[in-house]
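All remarks here apply to the structure that follows.
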Amino acid sequence: MARKGFQGVGLGLRGPHVEAVAASAAHPVPFWELAPENLLGQGGRRARQTRAILDRDPGLTHGLSLSLAGYDDWDPAYLRDLAAFLEDLHAPFHSEHLCFTTVGGANTHELLPMPFTRASARHAAGRIRRLQDTLGVPVIIENITYYAELGEPEMDDGAFLLEVLERADCGLLLDVNNVYVNSLNWGFDPVAWLQRMPLERVRQLHVAGHERLEASVVDTHGAAVADPVAELMQWVLRRTGPLPVLLERDHDIPELGVLLAERGRLQRLYDQALAEVPAHA
């Protein structure tokens, strides 16, 4: 499969666009991101086209179901298939959300928050370390949006994330849209939150759209990236230098040309931010 460095603004490889992407190598997208759950064990035309794209273009993986915060055992067969896929892809890392997705063997198809406690942080860190050992590549964790706290917190969400990162000694997939959405719902300064984070651990960024639904702002992945989110992306890049940035769109997915235009806008902001990095940095 294709192997290159990862920089610039990439796109999620979504079903409605697979055929068009497979048919044309003349596109500006520097890399694609996909959920391996949607490919492993699958056959048919779309799976063949997806693998052909990954043979041609760089790809990153972003998992949806390994439930780092959960207590269910992982399926050994799936982990073997995932490890083999990551090796074939020459993946620099594999990302997962810091959350529950399965409970009692049932996949909720939701990203459910963990209790912000030290015991919960120890548990998640242990799972991350075991997963890294099994997959043979670094596992990086993504901060999520949350709309309720589970139980009595011992710390805020930023301190909790810091504790998990330190205990697991792992990298961070920093979703700046999630930071911004949480800041609106919970009333904090998103830049102050980012200033607490160990930016040297950041391996990738996510940006996406959000929408206000009744009393809350929701991370829908169903709208264009808002200007404040793009500004947070630039804030991080000025401090980290070049990183892979992924534009997510999972609902109300527009035509590929519309997404490519938005990707182009974000790429210009990306390049602008890197041009402002001091030469000595």
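For W32 and H17, the ring centers sit 6.0 Å or farther from each other. Taking the ring centroids of F6 and F93, they lie at or beyond the 6.0 Å cut-off.
Side-chain atoms of H97 come within 3.5 Å of backbone atoms of G63 as a donor-acceptor pair (strictly under, hydrogens ignored). Using modelled atom types, one side-chain atom of R263 and one backbone atom of V9 make a donor-acceptor pair closer than 3.5 Å. Judged by distance alone, with hydrogens and angles left aside, the side-chain atoms of E163 form no donor-acceptor pair with the main-chain N or O of A121 at under 3.5 Å. Formation of a donor-acceptor pair under 3.5 Å by the S67 side chain with backbone atoms of A69 is not found in this model. Checked by atom type and distance alone, the side chain of R249 pairs as donor or acceptor with a backbone atom of H251 at under 3.5 Å. A donor-acceptor pair is defined here as one N or O able to donate and one able to accept, closer than 3.5 Å; no such pair exists between the side chain of R203 and the backbone of S95. The backbone N or O of R46 sits less than 3.5 Å from a side-chain atom of T50, completing a donor-acceptor pair. A donor-acceptor pair under 3.5 Å is absent between the side-chain atoms of Q132 and the main chain of P138, judged by distance alone. Judged purely by atom type and a 3.5 angstrom limit, Y270 has no side-chain atom pairing as donor or acceptor with the backbone of L237.
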**OP:** Quick one: do H206 and N178 satisfy side-chain hydrogen bond (donor to acceptor under 3.5 Å, both in side chains)? Show the steps, please.
**Re:** CA-CA 9 Å; H206 273 184; N178 290 353; over 6 Å; no

**OP:** Show your working on ring-ring contact (aromatic ring centres under 6.0 Å, His included) between F85 and Y78 and close with a plain yes or no.
**Re:** CA-CA 10 Å; F85 179 68; Y78 175 73; 10.0 Å; no

Original post:
Given H62 and Q204, is the side-chain hydrogen bond (donor to acceptor under 3.5 Å, both in side chains) satisfied, shown in steps?
Top reply: CA-CA 11 Å; H62 184 49; Q204 185 182 355; over 6 Å; no

Subject >> side chain to side chain contact (heavy atoms under 4.5 Å, CB included) assessment of L111 paired with F100 >> reply: CA-CA 6 Å; L111 307 180; F100 287 92; over 6 Å; no

Subject >> Steps toward salt bridge (Lys or Arg N to Asp or Glu O under 4.0 Å) verdict (R201, D169) >> reply: CA-CA 9 Å; R201 289 190 181 272; D169 191 22; 3.2 Å; yes

**OP:** Give the C-alpha distance, both sets of side-chain angles, the deciding distance and a yes or no for side chain to side chain contact (heavy atoms under 4.5 Å, CB included) between L173 and I141.
**Re:** CA-CA 5 Å; L173 193 172; I141 59 175; over 6 Å; no

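Between Y180 and V176, the closest side-chain pair of non-hydrogen atoms is not below 4.5 Å. Residues V207 and L246 form no side-chain contact, since every pair of their non-hydrogen atoms from C-beta on lies 4.5 Å or further apart. At a threshold of 4.5 Å between non-hydrogen side-chain atoms, the residues N143 and L174 count as touching.
For CG of D73, the number of neighbouring non-hydrogen atoms (other residues, nucleotides, ligands) closer than 6.0 Å is 12 at most. Counting heavy atoms of neighbouring residues, nucleotides and ligands inside a 6.0 Å radius, atom CD of Q272 exceeds 12 of them. Few gaps surround CD on E149; more than 12 heavy atoms of other groups in view lie less than 6.0 Å from it.
The minimum heavy-atom distance linking L66 with T101 is given by the pair N-OG1, 4.2 Å. Nearest heavy atom pair, residue L86 against residue H94, reads CD1-CB, 3.9 Å. Across F31 and V29, no two heavy atoms sit closer than the pair O-CG1, 3.0 Å. Nearest heavy-atom pair across S120 and M114 is OG-CE, 2.9 Å. When all heavy atoms are compared, the tightest approach of A83 to T134 is CB-O, 4.1 Å. Taking every heavy atom of both residues into account, G59 and L54 meet most closely at CA-CD2, 4.0 Å.
A salt bridge does not link R127 with D72: every distance from a Lys NZ or Arg NE/NH1/NH2 to an Asp or Glu carboxylate oxygen is 4.0 Å or more. One finds no salt bridge joining D75 and R80 here, because no Lys/Arg side-chain nitrogen approaches an Asp/Glu carboxylate oxygen to under 4.0 Å. Electrostatic pairing of R14 and E33 does not count as a salt bridge here, judged by no charged N lying under 4.0 Å from a carboxylate O.
Rounded to the nearest 0.5 Å, atoms CH2 (W186) and OH (Y147) are 11.0 Å apart. Distance CG/L260 to CD/Q267: 12.0 Å, rounded to 0.5 Å.
With hydrophobic clusters built from ILVMFWY side chains whose heavy atoms lie under 4.5 angstrom apart, V225 does not share a cluster with I253. M155 and L98 end up in the same hydrophobic cluster when Ile, Leu, Val, Met, Phe, Trp and Tyr side chains are linked at under 4.5 Å.
Counted by atom type alone, N38 and Q42 present zero donor-acceptor pairs between their side chains at under 3.5 Å. A side-chain donor-acceptor contact under 3.5 Å links E37 and S65. Judged purely by distance below 3.5 Å, without hydrogens or angles, the side chains of E211 and T220 pair a donor atom with an acceptor atom. Remark: the H210 side chain and the N177 side chain contain an N/O donor-acceptor pair separated by less than 3.5 Å. A donor and an acceptor atom, one from each side chain of H221 and D252, are nowhere located under 3.5 Å apart.
Relative to the ring axis of W235, R238 does not place its NZ or CZ within 45° and under 6.0 Å from the centre.
Y146 and F116 have perpendicular rings, their planes meeting at more than 60° on a 0 to 90° scale where under 30° would count as parallel.
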